[in-house]
Amino acid sequence: MRRRLLLVLLTFSAIAVTAFAWPLLMTTAAERTQRFVISRTGDLDRFTAIAQTALLDKDATELAYEAHSHHELYGDDVIVVDAYRDVQVQAGLTLADAGVSDAVDGALKNQPVVALGPLRPWSRDEVLFAAPIGTDTRVMGAVVLRSTAGNAAADIAGQWALILSTALAAAMACVALVQLLARWVLRPLAELERGVHAVTEGRRTEDIGERSGPPELRVLAGLFNRMSRAVAESAEQQRRLVADASHELRSPIARLRLPVDSLAGHIPPEGREAYDRIVAELGELESLSKSLLGMANADRNALELVAGTGDDESCDATELLVERREAWLPTAELAGVTLDVAESAPPVRLACPETELKQVLDATLDNAIKYAGADTRVRMDCTEEPGRGRLAITDDGPGLSDQERDYATTRFWRSRRHGAETGSGLGLAIAERLVTARGGTLRIRANNPRGLVVEVTLPLAREEQT
């Protein structure tokens, strides 16, 4: 927007300066040309008067003196002929010179000649002026004066230089004014854009200036500040509510777990089904409380990273994959799932703390083992790409439809297929929040011919990128 506004304003300024300077240039040149013509025409009239007396008196002494004196003083050339084209006086000019003969013929036909167009600073041509000697009814001869336009052109050049320098100064002033105007108008918009990006990235508060720019933009800045503070306060209250609720739920759930577990050996057969449902629901509450606390922590970590106060730890993803396989292997074997990982893969150091990456891997492995089904295979791979590392958790289970994959990372979403009605529905949502906060991506796509692939990409650690 800044470029477009500057382009429009500078174009308008250039047009305005040009519209001011161009007529002045043309008027100055025309005025100096007119003065040049009037001056030389006056000299020509003086010579015709002296020449008429000389021809009548048949004495060209005075005429010759005036012609040579004018030639020496002003550098103009003069030639005077009678009605028969006989040269009476010449000072630096002959009939053989270019254009002189035609000028004499025109003057003898009582047609005054001034062969001159508008002068310019670069005009250096010689100009012929011719006039008849005598009256309208009797032409006695002709006078031709040749003068250079150099001095007049030099005057025009000086005047044009003054006009152009003034126009240049005006243009520079316009540029400065345009810069100030653009900065005055666009600074609030830039502040507003920065504030919108900050709110989009999740920063708690991001006030922008309200004292610069047009009044309308100052009002808009004030409204935005109030909105951003309200949004930030609402988000903080929501995060605290989730964290406090999950934390407060842990104590009563723990107190409830103890007596429920102690009753396991005292439940009669007819109450076993109800007891098992209670135990299952209690496990769901524990899982939900833990997941809510994990989501609150993930949101807090993301906000700290945006604010620049988060840690910049790194970890070896290849080594962590091997470690997580060992941790999840008993669970996988119990579910009838084969869990593989490439143990001889080269190390890939990612810009992510080990605790966060472990949480991401646990969420994806939990889903893969839980929902892939018996007699399936889950494989973990880690590869290094330019500037980034890629982790892939692949299974050959039943997979998800296209629409289900779109909702897989939505909070509290759970598939209703193949026994997926249990769980909090927060595992992949937490994983995606952790990954995106570190500048990475989490993508779920179909595996060929069946199953799912969860791809996690994260930036490489700084020492790996140098």
Side-chain angles (χ1 to χ4, degrees), residues 25-164:
L25 295 175
M26 296 300 100
T27 302
T28 300
E31 188 271 336
R32 186 61 182 88
T33 301
Q34 184 179 15
R35 285 198 290 115
F36 175 73
V37 172
I38 291 175
S39 174
R40 296 303 180 269
T41 302
D43 294 337
L44 192 63
D45 291 341
R46 183 168 64 85
F47 278 116
T48 57
I50 297 174
Q52 182 176 0
T53 302
L55 291 177
L56 290 175
D57 296 342
K58 295 181 181 182
D59 183 4
T61 303
E62 183 181 358
L63 177 61
Y65 173 78
E66 290 292 337
H68 286 89
S69 298
H70 186 86
H71 172 69
E72 292 176 359
L73 182 62
Y74 299 106
D76 295 342
D77 303 326
V78 181
I79 186 173
V80 180
V81 299
D82 58 16
Y84 303 101
R85 297 174 59 89
D86 293 332
V87 176
Q88 301 299 311
V89 174
Q90 62 182 23
L93 194 62
T94 66
L95 288 175
D97 291 342
V100 174
S101 180
D102 294 337
V104 168
D105 291 341
L108 291 177
K109 295 176 182 178
N110 204 14
Q111 298 174 354
V113 176
V114 180
L116 179 64
L119 295 177
R120 297 291 182 263
W122 50 88
S123 297
R124 291 296 184 270
D125 297 335
E126 294 179 330
V127 185
L128 291 177
F129 298 85
I133 302 172
T135 62
D136 294 340
T137 57
R138 181 186 178 191
V139 176
M140 304 171 57
V143 177
V144 178
L145 185 144
R146 183 174 65 187
S147 179
T148 180
N151 293 334
D155 293 342
I156 295 174
Q159 293 175 334
W160 277 28
L162 179 60
I163 295 173
L164 291 176

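Contact check for S147 versus Y74: no side-chain heavy atoms found under the 4.5 Å cut-off. In this structure, V89 and V78 have side chains that are not in contact, with every pair of non-hydrogen atoms separated by 4.5 Å or more. The side-chain heavy atoms of L93 and L145, taken from C-beta on, include no pair separated by under 4.5 Å. Inter-residue side-chain proximity for M140 and L56 is flagged as met; some heavy-atom pair is nearer than 4.5 Å. Within the 4.5 Å cutoff, no side-chain heavy atoms of R40 are placed close to those of V127.
Between L128 and A98 the shortest heavy-atom distance is CD1-O, 3.8 Å. Minimum interatomic distance between G92 and H71 (heavy atoms only, all atoms of both residues): CA-CE1, 4.1 Å. What you find for A142 and V104 is that their closest heavy atoms are CB-O, 4.3 Å. Scanning both residues, A107 and P132, for their nearest heavy atoms gives O-CB, 3.1 Å. Between V143 and A51, the shortest heavy-atom contact is CG2-CB, 4.1 Å.
Residue pairs that meet the ring-ring contact (aromatic ring centres under 6.0 Å, His included) test with at least one member in residues 92-111, sequence neighbours left out, do not exist here. The ring-ring contact (aromatic ring centres under 6.0 Å, His included) contacts involving residues 77-105 comprise nothing, where partners must be two or more places apart or lie in separate chains. Sorted by first then second residue, the ring-ring contact (aromatic ring centres under 6.0 Å, His included) pairs that include residues 37-65, not counting sequence neighbours, are F47-H70.
Side-chain N or O atoms of T48 include one that pairs as donor or acceptor with a backbone N or O of D45 at under 3.5 Å. Between the R146 side chain and the V100 main chain, no donor and acceptor come within less than 3.5 Å of each other. At least one donor-acceptor pair closer than 3.5 Å links the side chain of T33 to the backbone N or O of L119. Although no hydrogens or angles enter the test, the distance criterion places a donor-acceptor pair under 3.5 Å between the side chain of S123 and the main chain of R120. The closest donor-acceptor contact from the side chain of S39 to the backbone of R35 lies at 3.5 Å or more, if one exists at all.
Here the CZ-CD1 distance, from R32 to I156, works out to 7.0 Å after rounding to the nearest 0.5 Å. Going from atom CE of M26 over to atom CH2 of W160 covers 4.0 Å, rounded to the nearest 0.5 Å. Separation of atoms OG1 (T28) and CD (Q159) is listed at 5.0 Å; rounding is to 0.5 Å. I133 CD1 to L108 CG: the interatomic distance, rounded to the nearest 0.5 Å, is 8.5 Å. Here the CG-CG distance, from L25 to L162, works out to 10.5 Å after rounding to the nearest 0.5 Å.
Few gaps surround CG on D57; more than 12 heavy atoms of other groups in view lie less than 6.0 Å from it. Residue Q34 qualifies as open at atom CD: its count of foreign heavy atoms under 6.0 Å is 12 or below.
For A54, the side chain to side chain contact (heavy atoms under 4.5 Å, CB included) test picks out L63, with sequence neighbours left out. Among residues two or more places apart in sequence or in another chain, the salt bridge (Lys or Arg N to Asp or Glu O under 4.0 Å) test is passed with D105 by R85. Under the side chain to side chain contact (heavy atoms under 4.5 Å, CB included) criterion, Q90 pairs with I79, V87, T94, sequence neighbours left out.
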